[in-house]
2 protein chains.
Amino acid sequence: MTGTGVHEDQERRKPATIRDVAARAGVSVATVSNVLRGRKASSAEVAARVRAAAAALAYQADRAAAQLRTGQTDIVAVIVPSLDNPFFTALVAVIEQCARRSRHEIIVASAGNEPETEATRLRALLSWRPAGIIILPCTDAFETQPMLAAAHLPYVVLDRLPANAGADCIGTENADAAAGATAHLATLGHRSILVAASSLALANIRERWDGVLRACAARDLPAPAVLELGLGFDTAAASLSGWLARHARPSAIIALTNFTTLGVLAFLREQGLNVPRDVSLVGYDDYAWMQAATPPVTAVRQPVEQMAEQAWACLLRRIGGASGPREEIRLACNLQVRDSTAPPPREPSTKGRKR
Amino acid sequence: MTGTGVHEDQERRKPATIRDVAARAGVSVATVSNVLRGRKASSAEVAARVRAAAAALAYQADRAAAQLRTGQTDIVAVIVPSLDNPFFTALVAVIEQCARRSRHEIIVASAGNEPETEATRLRALLSWRPAGIIILPCTDAFETQPMLAAAHLPYVVLDRLPANAGADCIGTENADAAAGATAHLATLGHRSILVAASSLALANIRERWDGVLRACAARDLPAPAVLELGLGFDTAAASLSGWLARHARPSAIIALTNFTTLGVLAFLREQGLNVPRDVSLVGYDDYAWMQAATPPVTAVRQPVEQMAEQAWACLLRRIGGASGPREEIRLACNLQVRDSTAPPPREPSTKGRKR
DNA sequence: TTGTACGCGTTATCAG
DNA sequence: CTGATAACGCGTACAA
């Protein structure tokens with residue numbers, strides 16, 4: 001009558017409750033709870049009976065009920081700007097490991113790069129009554145800060161550090177990292193550098209840009225040009241070729257994000273420009289493909305594991321009740337020098353020598 | 001006294017309950033529930049008061065309580081072999097979008113590529129009492145199938161399709177895809193092909209390998225060699241150079257996963273072999289970096305969006321009560337021909353012409 | 001529109 | 001010291 005198919009066995013059936021277990025073991029629900037949670041001691045014999053019954057029924061306490069009663073959870077919510085960016089998913093992967101180690105559950109939401117969605121998702125996350133939150137705000141304005149503050153729960157801001165964070169922050173030394181990349185190019189003899197940014201509306205990116213400027217100023221190099229390529233990587237090539245049509249070709253390019261690195265690389269290939277003979281390239285974020293690329297890409301490596309681990313540790317401290325002043329931790333990046341950077345070609349660089 | 005720091009405002013404070021809202025609006029809890037969930041009609045005036053009170057208190061119904069009472073959830077659990085592999089995270093990203101569209105929440109867990117962890121995580125996921133589950137088993141044995149079956153809830157197996165799935169399956173036409181890649185190489189004139197697999201213990205990979213064999217047999221080509229490089233990408237180079245020390249260099253390589261593609265590419269570069277002049281390469285999975293690479297990589301593109309969408313649609317049907325026989329959907333892949341494949345070099349291929 | 005029983009696991013209180 | 005009884009948390013839904 002109802003579905004004669006193979007799905008017969010998948011009809012919804014209620015999972016066993018603590019009462020089922022108690023009945024089967026011939027004890028009270030209190031005893032079941034005590035045994036399974038190891039609170040009060042029980043006789044070995046009773047404990048064994050309870051455990052057997054629980055196993056036989058595949059009993060698993062309902063989180064909703066447990067949480068409702070105790071009023072506390074092992075849930076940590078994580079909200080990232082997007083799940084399409086491997087940088088963010090790498091952070092999530094590490095956070096997930098940390099969570100597992102400390103017996104927490106994480107729930108992840110993506111803001112889809114939109115503050116409105118971030119707010120919607122955050123609201124949904126809060127309904128889980130998480131013990132804490134790790135957030136990577138999708139804009140500098142950090143529009144959801146008030147909502148987060150009003151929730152009165154510990155949170156940590158990761159990677160993108162807005163002015164109004166209002167809580168502990170974990171980020172990287174963006175300026176130093178970019179300055180290091182610039183210094184590397186300067187040492188090789190580059191004077192005409194183009195900076196490929198995603199968007200200068202992001203503090204991270206502005207800090208990196210500032211680092212480039214600082215490094216150039218320190219060496220009396222002309223200030224590089226900067227180009228905003230947007231968040232996706234597909235639009236990059238068009239922007240770049242438009243810019244190059246109106247300006248002299250730089251001898252080196254610094255890309256400030258992983259997507260822009262990809263965009264620049266795709267563009268250079270399309271144009272038939274050889275890296276590093278015609279143009280040197282420093283990328284950002286260090287992925288496996290950068291090592292496998294031809295040539296392997298010199299890149300700024302952000303300490304993804306450390307970032308996630310520090311964020312987790314920091315949040316756990318707050319959840320545990322730590323009440324000191326808010327911290328702002330900045331982690332150092334390092335430059336992986338590979339083969340995409342070399343001294344500049346003779347002609348173009350000499351042409352612009354005298355400014 | 002307690003913490004004079006900036007974290008003052010983050011002291012734990014209980015969120016408003018439905019009773020708080022009721023009191024503030026001067027109505028009963030039932031009315032608050034009715035108004036906020038739009039079930040029974042209320043006078044406009046009362047509704048407004050309730051909404052004002054709820055907004056003022058930033059009231060958000062506690063999921064645990066709601067779920068406990070209604071006995072049903074909008075939760076779908078997703079379990080993947082690993083979160084380090086962009087193929088899996090891409091699937092998760094699409095699933096997350098689907099979930100948002102149909103007003104569901106997803107919770108994601110990683111099995112860390114280990115069946116034991118898969119079981120542990122699955123058990124934890126079940127405690128959420130999800131409405132359904134999407135699983136990518138981390139081995140062919142699908143050790144967690146009995147647990148899943150015993151839970152009596154709808155689930156869908158995605159990507160890796162084991163023999164004992166016991167539920168709807170969504171995968172790709174692995175054999176056809178690999179056969180297509182092989183045919184492409186055969187057409188270019190390649191006769192000595194090396195297949196770089198991750199592990200033949202995975203049905204997916206075996207199917208791809210079978211596809212290669214089938215295509216070769218159909219064209220009277222000698223059966224290619226196959227090499228298992230493991231799941232990580234870092235060990236690949238070592239395995240490959242070991243193999244090449246004992247065998248003649250093939251004129252083309254087919255990589256059967258994204259990680260092996262990366263591994264092969266890194267190896268070829270290390271060896272100073274030019275692609276495609278010395279060796280042609282067909283990769284698997286199509287990522288942005290493959291287009292940006294030099295040369296852009298010819299690759300089998302798996303329909304990630306469709307896979308996730310079909311899995312979601314399928315699961316929703318079951319959650320909705322559909323009871324037909326279990327489905328097995330296989331989606332077609334297509335070959336993105338780019339510049340990493342070309343006719344074989346003269347010498348090495350002629351050497352082996354006469355078998 | 002309201003009162004209130006209910007769902008399920010936890011824990012304080014009480015009995016053996 | 002072991003084990004049982006019952007109140008409780010919070011939102012939902014039915015009866016009133």
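Numbers restart at 1 for each chain; the letters A, B, ... are given by sequence-line order, proteins then strands.
- Atom CD in B/Q72 sits roughly 8 Å away from atom P in D/dA13 (whole-Å rounding).
- Note on A/A64: nothing from the nucleic acid sits closer than 4.0 angstrom, heavy atoms only.
- Closest non-hydrogen pair, A/V29 versus A/I18, comes out as O-CD1, 3.7 Å.
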Can you give the donor-acceptor pairs under 3.5 Å from side chains of residues 21-28 of chain B to other protein atoms, not counting sequence neighbours?
{"from": "B/S28", "atom 1": "OG", "to": "B/A30", "atom 2": "N", "distance (Å)": "3.4"}
{"from": "B/S28", "atom 1": "OG", "to": "B/T31", "atom 2": "N", "distance (Å)": "3.3"}
{"from": "B/S28", "atom 1": "OG", "to": "B/T31", "atom 2": "OG1", "distance (Å)": "3.2"}

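- Closest approach to the B/V27 side chain among D/dG3, C/dT2, C/dG7 is made by C/dT2 (side chain taken as heavy atoms from C-beta onward).
- For A/T17 and B/N34, each mapped to the nucleotide of DNA chain C holding its nearest heavy atom, the one lying further toward the 5' end belongs to B/N34.
- For A/S33, taking side-chain heavy atoms from C-beta onward, the closest of the listed nucleotides D/dC8, C/dT11, C/dT2 is C/dT11.
- Look at CZ on B/R63: it is 11 Å from P on D/dT12, rounded to the nearest Å.
- Distances were taken from every side-chain heavy atom of B/T70 (C-beta onward) to each of D/dA15, D/dG9, D/dA13; the shortest belongs to D/dA13.
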How far apart are the C-alpha atoms of A/E327 and A/R317, what are their side-chain angles, what is the distance that settles it, and do they pass the salt bridge (charged side-chain N to carboxylate O under 4.0 Å, His left out) test? CA-CA 12 Å; A/E327 290 181 64; A/R317 279 198 298 277; 3.3 Å; yes
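- Within the structure, the side chain to side chain donor-acceptor pair (under 3.5 Å) test picks out the following pairs touching residues 61-78 of chain A (sequence neighbours left out): A/R63-A/D74, A/R63-B/S127.
- Along DNA chain D, the nucleotide nearest A/T31 and the nucleotide nearest B/R39 are compared for position; the residue whose nucleotide lies closer to the 5' end is A/T31.
- Side-chain proximity of A/I18 to the nucleotides D/dT5, C/dG9, C/dT2 is greatest for C/dG9.
- Side-chain N/O atoms of A/K40 and base N/O atoms of C/dT11 include no donor-acceptor pair closer than 3.5 Å.
- Following rounding to the nearest Å, A/R49 (CZ) and D/dG3 (C1') show an atom-to-atom distance of 11 Å.
- Side-chain proximity of B/L68 to the nucleotides C/dG9, D/dG9, D/dG11 is greatest for D/dG9.
- Within 4.0 Å (heavy atoms only), A/V46 reaches sugar-phosphate atoms of the nucleic acid but no base atom.
- Put simply, CG on A/D20 is 13 Å from C1' on C/dG7, counting in whole angstrom units.
- Nearest-nucleotide positions on DNA chain D for A/R19 and A/A41 put A/A41 closer to the 5' end.
- Contact between the side-chain N/O atoms of B/S42 and the OP1/OP2 oxygens of C/dT1 is found at a separation under 4.0 Å.
- Counting to the nearest Å, the P atom of C/dC8 and the CD atom of A/Q60 are 15 Å from each other.
- One atom, CG of B/D74, and another, P of D/dT12, lie 12 Å apart when rounded to the nearest Å.
- When heavy atoms are screened at a 4.0 angstrom cut-off, A/A66 is found touching the sugar-phosphate backbone but no base atom.
- A straight line from CZ of B/R69 to P of D/dC8 spans 18 Å, rounded to a whole angstrom.
- With C/dT1, C/dG3, D/dG3 as the choices, the nucleotide that has an atom nearest any side-chain atom of B/A30 turns out to be C/dG3.
- Closest non-hydrogen pair, A/R326 versus A/G166, comes out as CD-C, 4.2 Å.
- The side chain of A/S43 lies closest to D/dT2, out of D/dT2, C/dG7, D/dC8.
- B/E116 and B/T120 form no side-chain donor-acceptor contact under 3.5 Å, judged by distance and modelled atom types alone.
- Using a 4.0 Å heavy-atom cutoff across all strands shown, B/R37 reaches sugar-phosphate atoms only and no base atom.
- One interatomic measurement links the two molecules: NZ of B/K14 to P of D/dG9, which rounds to 10 Å at whole-angstrom precision.
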